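Report on one structure; see the data block that follows.
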Amino acid sequence: MRLNLLAGCALAMMAVGSVAQAQQTPPSPGASNYNYHDAFAPLFYTKNGSEYRAADGQPGPKYWQNRADYQLTAHLNDQTNEILGTEALTYTNNSPQSLGFLWMQLDQNLFKSDSRGTAIIPPSGSRNGGHGDMAEGGYKIKSVKMGGVDVKYLINDTRMQIFLPESVKPNGGIVKLNIEYSYIAPEYGSDRTGILTTKNGKIYTIAQWYPRMYVYDDVMGWNALPYTGPSEFYLEYGDFDLAITAPANHIVVASGELQNPAEVYTTEQLKRWADAEKSETTVIIRSADEVTNAASRPAGKKELTWKFKIKNARDVSWASSAAFIVDAAKMNLPSGKKSIAISAYPVESNGNDAWGRSTEYVKKSVEFNSQKWFEYPYPAATAVAGNVGGMEYPGIVFCGYRAKKSQLWGVNDHEFGHTWFPMIVGSNERLYGWMDEGFNTFINTLTTADFNKGEYGPKRPTDMQRMSNTITNPSLEPVLSNPENLKEANNGILLYFKPGMGLTLLREQILGPERFDFAFRTYVARWAFKHPTPDDFFRTMENASGESLQWFWRGWFVNNWRLDVAVTDVKYVGSDPAKGSYITLTNMEKLAMPVILDIKTVSGKVSRLKLPVEIWERNSSFVVKYPSTEEIESVTYDPDKSLPDYNPDNNVWRKQ
């Protein structure tokens with residue numbers, strides 16, 4: 001999910017710049033807060049590897065996860081905004097435990113006036129609250145049946161507990177349920193689902209629209225937390241078969257591949273689809289001029305049913321509107337597998353500087369990440385313009401209809417970046433939001449630098465010293481916090497930017513791109529379509545890179561430590577500069593990092609010296625012996641501002 005009209009990291013960081021004003025007074029000269037035993041303490045990992053999760057970070061020989069396959073139907077009434085749905089669920093219990101009851105998520109119950117999520121919205125408001133002046137929201141569950149027989153269930157806010165007449169057996173036992181339900185779609189559903197009114201009709205962006213299985217895993221058992229709005233999701237994988245019935249003048253797009261194009265598109269549009277599947281550039285399927293032309297929709301019916309399938313996914317979403325312009329282009333995947341980029345948007349969003357380039361953005365983002373990390377797994381990638389500012393689902397994303405230029409690139413790139421985290425690597429967003437938002441923010445920096453050779457890329461390198469005043473501010477909670485336990489104003493820093501910048505530090509300053517990229521790809525491959533924990537990530541990165549990084553995890557993720565290294569003194573061997581020099585560095589704060597020094601001599605020569613982080617393993621001050629042959633004019637710590645040193649005032653020693 002994007003961060004409040006995400007328009008790039010720099011813009012968002014400006015928005016939270018007030019946090020930077022709260023920085024503490026730097027420590028007085030000579031007063032160090034650094035404790036090398038705390039930074040490099042032993043026993044970072046509190047659990048040994050097991051048969052479920054190995055010590056090197058990969059799934060163990062007995063790793064398991066459950067599975068949820070869905071057959072779904074929905075009928076959209078665009079006069080009342082009501083959705084009538086049915087669900088046929090096949091749930092497979094691969095755990096070693098018998099399960100006597102199941103837990104399902106009823107996300108739409110958030111939009112009831114008496115929900116827990118509504119109750120916790122402060123008077124100042126929240127981006128996760130409010131659903132417009134609509135009728136009372138929430139599910140109406142008509143029936144829950146098993147084999148045609150009613151099953152007892154209990155609804156508590158956004159959760160439904162289903163009591164099975166007979167426990168589902170372990171190690172592959174299967175239970176099948178049938179559910180009938182309805183709800184009124186919210187006008188603005190916590191920036192995840194909603195209805196946008198345009199001059200040519202409403203745009204429905206529909207998500208969290210069916211009762212979904214909670215995850216049962218080897219870490220927590222049932223992850224049956226109430227959905228109160230700010231939190232994201234944690235879902236099982238499975239195959240989806242969905243049928244969406246909408247007014248005949250609507251076009252429907254959804255997760256997965258359309259199964260019946262000849263029934264829902266005109267003959268001319270089918271030809272255009274065939275062209276798009278072979279085209280490197282965007283092909284218009286339905287133009288702005290055709291939106292109001294009845295001939296652009298099949299004639300003779302009041303409603304049409306659109307059928308889609310997607311395999312090995314964790315969710316499905318869809319969008320429907322009479323106002324859609326639709327365009328598409330071929331995507332090139334490493335294996336040669338067929339996939340297509342699609343955009344659907346109203347005339348209000350049209351134009352070369354806006355959604356007219358959306359398909360180009362989707363195509364380039366998906367192609368880069370497929371080549372770099374792991375191949376895109378779905379048959380289509382669809383971007384939809386609506387009143388949802390930015391939200392991701394398998395094969396489909398919702399983005400703000402007003403977005404243009406770099407903002408639209410940034411939102412499309414970010415939302416489709418979520419294909420890798422958490423759609424492919426299925427981490428628990430409910431507990432570890434940084435493992436999807438932060439990782440995605442990091443890969444967005446690489447796609448943006450690559451797109452059109454940096455069309456929207458940063459004009460200069462990131463000033464990590466300046467950013468450190470915000471991302472390591474003492475008022476912040478640690479990154480490794482439950483997202484529910486963070487101030488909402490801190491979400492952008494702690495879920496997106498700080499973990500994203502942490503991976504940039506790890507790649508650029510600690511491991512180097514080659515070692516980092518190999519380890520990161522290893523993590524993605526190991527945990528593709530599985531459920532990793534932070535330990536699985538930490539252990540994989542260490543084992544695949546051949547580097548102990550526990551000092552980094554401890555300082556950047558587990559604690560909110562700061563970096564402040566001072567160049568405190570320069571002396572000469574035997575008082576003779578020609579015999580060499582001693583440069584004293586002092587770590588004034590709790591965070592450790594490798595050291596970069598530029599040493600300038602009186603003749604103007606500048607030499608760069610890099611020191612490993614291990615200089616801080618048993619020292620709070622470290623003396624560097626430098627083979628000088630003449631007097632030193634200056635010593636500059638972190639000359640490129642590539643390290644998060646928040647106090648640059650003590651970074652330079654100059655000859656008196």
Side-chain angles (χ1 to χ4, degrees), residues 76 78 194-206 244 246-255 257-258 261 264-299 304 306 308 317-331 340-366 380-391 395-405 407-409 411-412 415-416:
L76 171 64
D78 66 347
I195 306 169
L196 173 70
T197 299
T198 75
K199 68 178 183 179
N200 293 319
K202 299 174 185 176
I203 294 177
Y204 292 85
T205 45
I206 302 300
I244 311 298
N249 66 336
H250 279 218
I251 286 180
V252 175
V253 291
S255 300
E257 185 172 23
L258 181 63
V264 294
Y265 282 109
T266 67
T267 301
E268 177 59 30
Q269 288 166 352
L270 292 172
K271 292 178 182 177
R272 295 173 185 175
W273 276 114
D275 291 340
E277 290 175 347
K278 302 186 291 287
S279 176
E280 297 291 340
T281 58
T282 300
V283 174
I284 302 296
I285 308 299
R286 188 199 199 198
S287 69
D289 292 338
E290 292 172 318
V291 168
T292 55
N293 185 347
S296 71
R297 302 298 306 119
L304 291 172
W306 301 67
F308 297 86
S317 295
W318 52 278
S320 181
S321 181
F324 278 151
I325 299 167
V326 180
D327 61 43
K330 171 189 176 184
M331 292 196 297
I340 191 168
I342 304 168
S343 295
Y345 50 95
V347 293
E348 289 90 339
S349 304
N350 197 21
N352 290 330
D353 291 334
W355 278 79
R357 293 188 69 185
S358 172
T359 290
E360 174 195 358
Y361 297 158
V362 173
K363 171 181 167 65
K364 294 300 183 183
S365 175
V366 170
T382 304
V384 182
N387 66 344
V388 175
M391 192 60 203
I396 189 169
V397 304
F398 305 151
C399 303
Y401 78 103
R402 292 191 181 98
K404 297 180 179 180
K405 296 183 179 180
Q407 185 186 37
L408 182 57
W409 158 260
V411 180
N412 271 357
E415 302 314 331
F416 272 112

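Everything numeric in this text was worked out from a predicted model, so none of it was measured.
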Given the rule in the side-chain contact (heavy atoms from CB on, under 4.5 Å) test, do Tyr345 and Asp327 qualify, once you have shown the distances and angles that lead to the verdict?
-> CA-CA 9 Å; Tyr345 50 95; Asp327 61 43; 2.7 Å; yes
To the nearest 0.5 Å, tell me how far Ile284 CD1 sits from Ile325 CD1.
-> 7.5 Å
Do you know the tightest heavy-atom contact between Ile342 and Ala328?
-> CG1-CB, 4.1 Å
Asn293 atom CG: more than 12 heavy-atom contacts under 6.0 Å | yes
Between the main-chain N or O of Pro261 and the side-chain N or O of Gln269, is there a donor-acceptor pair closer than 3.5 Å?
-> no
Can you check whether Lys330's main-chain N or O pairs, donor with acceptor, with Lys363's side chain at less than 3.5 Å?
-> yes
With the side chain counted from C-beta on, respond yes when Ser320 and Ile206 share a heavy-atom pair under 4.5 Å apart, and no when they do not.
-> no
Without swapping roles, check the side chain of Thr205 against the backbone of Ala319 for a donor-acceptor pair under 3.5 Å.
-> no
Locate the shortest heavy-atom distance separating Val411 from Cys399; write the atom from each residue and the value.
-> CG1-SG, 3.5 Å
Flag the pair Arg357 / Lys405 as yes when at least one side-chain heavy-atom distance between them is below 4.5 Å, and no otherwise.
-> no
Can you see which heavy atom on Ile251 is nearest to which on Trp306, and at what distance?
-> CA-CZ2, 3.7 Å
Verdict with supporting geometry, Tyr204 and Ile244, side-chain contact (heavy atoms from CB on, under 4.5 Å) = CA-CA 12 Å; Tyr204 292 85; Ile244 311 298; over 6 Å; no
Distance, nearest 0.5 Å, that separates CD of Glu360 from CG of Leu408 | 10.0 Å
Quick one: pull up CD in Gln407 and CZ in Arg402 and give me the separation to the nearest 0.5 Å.
-> 10.5 Å
Do NZ/NE/NH1/NH2 and the carboxylate oxygens of Arg272 and Glu268 come within less than 4.0 Å?
-> yes
Could you check Thr198 against Ile203 for side-chain contact (heavy atoms from CB on, under 4.5 Å), going step by step and ending with a plain yes or no?
-> CA-CA 7 Å; Thr198 75; Ile203 294 177; 3.9 Å; yes
For Ala254 and Ile396, the nearest pair of non-hydrogen atoms, with its separation, is CA-CD1, 3.9 Å
Heavy-atom pair with the smallest gap, counting every atom of Lys404 and Ala354 = CG-CB, 3.8 Å
Full working for side-chain contact (heavy atoms from CB on, under 4.5 Å) between Val264 and Val252 | CA-CA 9 Å; Val264 294; Val252 175; over 6 Å; no
Ignoring hydrogens and angles, tell me if any N or O in the side chain of Lys278 forms a donor-acceptor pair with the backbone of Ala274 under 3.5 Å.
-> yes
Inter-residue atom distance His250.NE2 - Lys202.NZ, 0.5 Å rounding | 8.5 Å
Give, for atom CH2 of Trp273 and atom OG1 of Thr266, the distance between the pair rounded to the nearest 0.5 Å.
-> 11.5 Å
Taking all heavy atoms of Ser343 and all of Thr359, pick out the closest pair and write down the distance.
-> OG-OG1, 2.9 Å
Leu196 side, atom CG; Ser349 side, atom OG - distance, nearest 0.5 Å | 7.5 Å
Is there side-chain contact between Ser365 and Trp409, with at least one heavy-atom pair below 4.5 Å?
-> yes
